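Encoded as structure tokens, the structure appears first; notes follow it.
As the structure is a computational prediction, the values presented were derived from the model and not from experiment. In listed order, ligands and their atoms are each counted from 1.
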Amino acid sequence: MPGTPQEVMIACPFEDLLFGGARGGGKTYGMLGDWLSHADLYGANAYGVFFRKTYPELEQVQEYAQKIFPLVGGVYKGDKRTWIFPNGAKLKMRYLERDSDADRYQGHEYTWMCFEEIVNWASPKPIDKLRACLRSGAGVPCYFRATGNPGGVGHNWVKARYVDPAPARTPFYDEEQKVTRIYIPATLDDNTRLLEADPNYWKRIEASANGDEQLLRAWRYGDWDIVAGGMLDDVFDRTRHIIKGFQIPFSWYVDRTFDWGSSSPFSVIWWAESDGTTAPNGITYPRGTVFAISEWYGWNGKPNEGNKLLAHEIADGIIEREQLGVLKNLIINDGAADTQIWQADPLIGISIADEMAERGVSWLKADKTPGSRKQGWQRLRRFLKAAKQHPMEDAGLFVFDNCTQWIRTVPVLPRYEKDRDDVDPKAEDHAGDATRYRLSYAVQDAGSYETGVPYS
Ligand SMILES: Nc1ncnc2c1ncn2[C@@H]1O[C@H](COP(=O)(O)OP(=O)(O)OP(=O)(O)O)[C@@H](O)[C@H]1O
Ligand SMILES: [Mg+2]
């Protein structure tokens, strides 16, 4: 398909299209143009909705729209946040900040839908819900349009959906969603108008990338092969990693790890490590495969806020929990905990570790050498990847479905903007930390943690 990216995009007959890949490529202008073309063709039967993630972002688009739409007689009805055109076509301007907002559109009917900067949505769930509203009683062909650059929280799912399956400008059929998709890239170099009118545009973009070379490359050339998005979202698969609990065979090694917190949550996770014998669910996992079998998350019900229990209360709670459910009758070994708990409180001269030991709960020191944190995330990625293999060849990691706080917080751990190999230190990473501690040793070949074989 020859032509400028905007021309190709507007002429594109395929139902589902991603436009963009770089900053300043003319994405927003292009999409408003695409809507005008749709409105022109189908008149009163054209009903569109334009989404952005937040209100301030929508305002920006609105500024563009104010410049263009009135030229063809478009009138904006502020109370309805809708553009009305002389031939009866209508375009709603909306933002979709929370995923649950998608539910409010149930039963609506649109012929054209655009998600601007689609990588700002961490998951395709709300978007797919809204796609169901694309239909026309009048038989108008319906179109789904999105724009986006590499590097947002949704980087991985957007790349997997639009960029990886086929070369650019080549339509392909998605069997699962029964739709023909296409990716049409546009870079700043395609936008000669902007290059001429605003030679300093790129300098401003450079400033906003904050010294992140990778992001800059992505924004300049539309390169999707950068490390971005969540730490685990390309390796985690809910249908594979979350499993129904089972009775732990007595020959497996069981222990617990601990990430301390008071005003932020603490996380205790109990683990079982397979020795290669068949599990009660009939599956033989490779020796060394670890399972999060139970958890205790010390939070007050609000994300990243702790319940402020005292050390001895946590110790008592652990002992209590070890008499119940899946943990009952198991030999539970001491596992690793965050080294911070060995620091004595200067006022009372006793550490959290001491206080817990007095109640009968002891810990081993987690690896705190520089680089161990990043190494831990790498290992977690490797274990999750191994668990997705059919058949599995290497030790993997699985989580029993009762570990709801692990499931809530770990799969979505964000990468740190300043160092993409690390998780953002401000994220709710407590269950993630307790998981890293467990993955720093393998016990099956050694019998205990002290002599455990460290994973490389
Ligand atoms: N078809 C066009 N006609 C006239 N000017 C255009 C056209 N397309 C783009 N431009 C100019 O290029 C500028 C950048 O375009 P636009 O904002 O659509 O790019 P973008 O890819 O959405 O950028 P960003 O990545 O910053 O969101 C616009 O402000 C406008 O001045
Ligand atoms: Mg834009």
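Contact annotation: for Thr147 versus ligand 1, there are no heavy atoms closer than 4.0 Å. Residue-level proximity to ligand 1 for Trp219 is absent, since no heavy atom of it falls below 4.0 angstrom. The backbone and the side chain of Lys27 each have at least one atom closer than 4.0 Å to an atom of ligand 1 (non-hydrogen atoms only).
Considering backbone and side-chain atoms alike, Glu116 places every N or O at 3.5 Å or more from each N or O of ligand 1. Looking at Leu194 next to ligand 1, no N or O pair under 3.5 Å apart turns up. Residue Gly30 has no N or O atom closer than 3.5 Å to an N or O atom of ligand 1.
Nearest non-hydrogen protein atom to atom 19 (O) of ligand 1 is Gly26 N, 3.0 Å. Protein heavy atom at the shortest distance from atom 2 (C) of ligand 1 is Arg193 NH1, 3.4 Å. Nearest to atom 22 (O) of ligand 1 among the protein's heavy atoms is Thr28 OG1, 2.8 Å. Looking only at protein heavy atoms, the nearest one to atom 23 (O) of ligand 1 is Gly24 N, 3.2 Å.
Separation of the Trp296 and Phe266 ring centroids falls under the 6.0 Å cut-off.
For Lys418, the NZ atom is loosely surrounded, since the number of other residues' heavy atoms within 6.0 Å does not exceed 12.
Of all protein N/O/S atoms, those under 2.8 Å from the Mg ion (ligand 2) are Thr28 OG1, and waters are not counted.
Residue contacts with ligand 1: Tyr64 is included, with a non-hydrogen atom under 4.0 Å away.
Of all the heavy atoms in Thr82 and Lys90, the pair that sits closest is CG2-CB, 4.2 Å.
Relative to the ring axis of Trp363, Arg256 places its NZ or CZ within 45° and under 6.0 Å from the centre. A cation-pi arrangement, defined by a distance under 6.0 Å to the six-membered ring centre and an angle within 45 degrees of its axis, is present between Arg408 and Trp299.
Of the candidates Phe144, Trp121, Tyr105, Phe51 forms a ring-ring contact (aromatic ring centres under 6.0 Å, His included) with just one, namely Tyr105.
Listed for the Arg382 side chain is no donor-acceptor partner under 3.5 Å among the backbone atoms of Gly396. No side-chain donor-acceptor contact under 3.5 Å links Asp424 to the backbone of Pro414.
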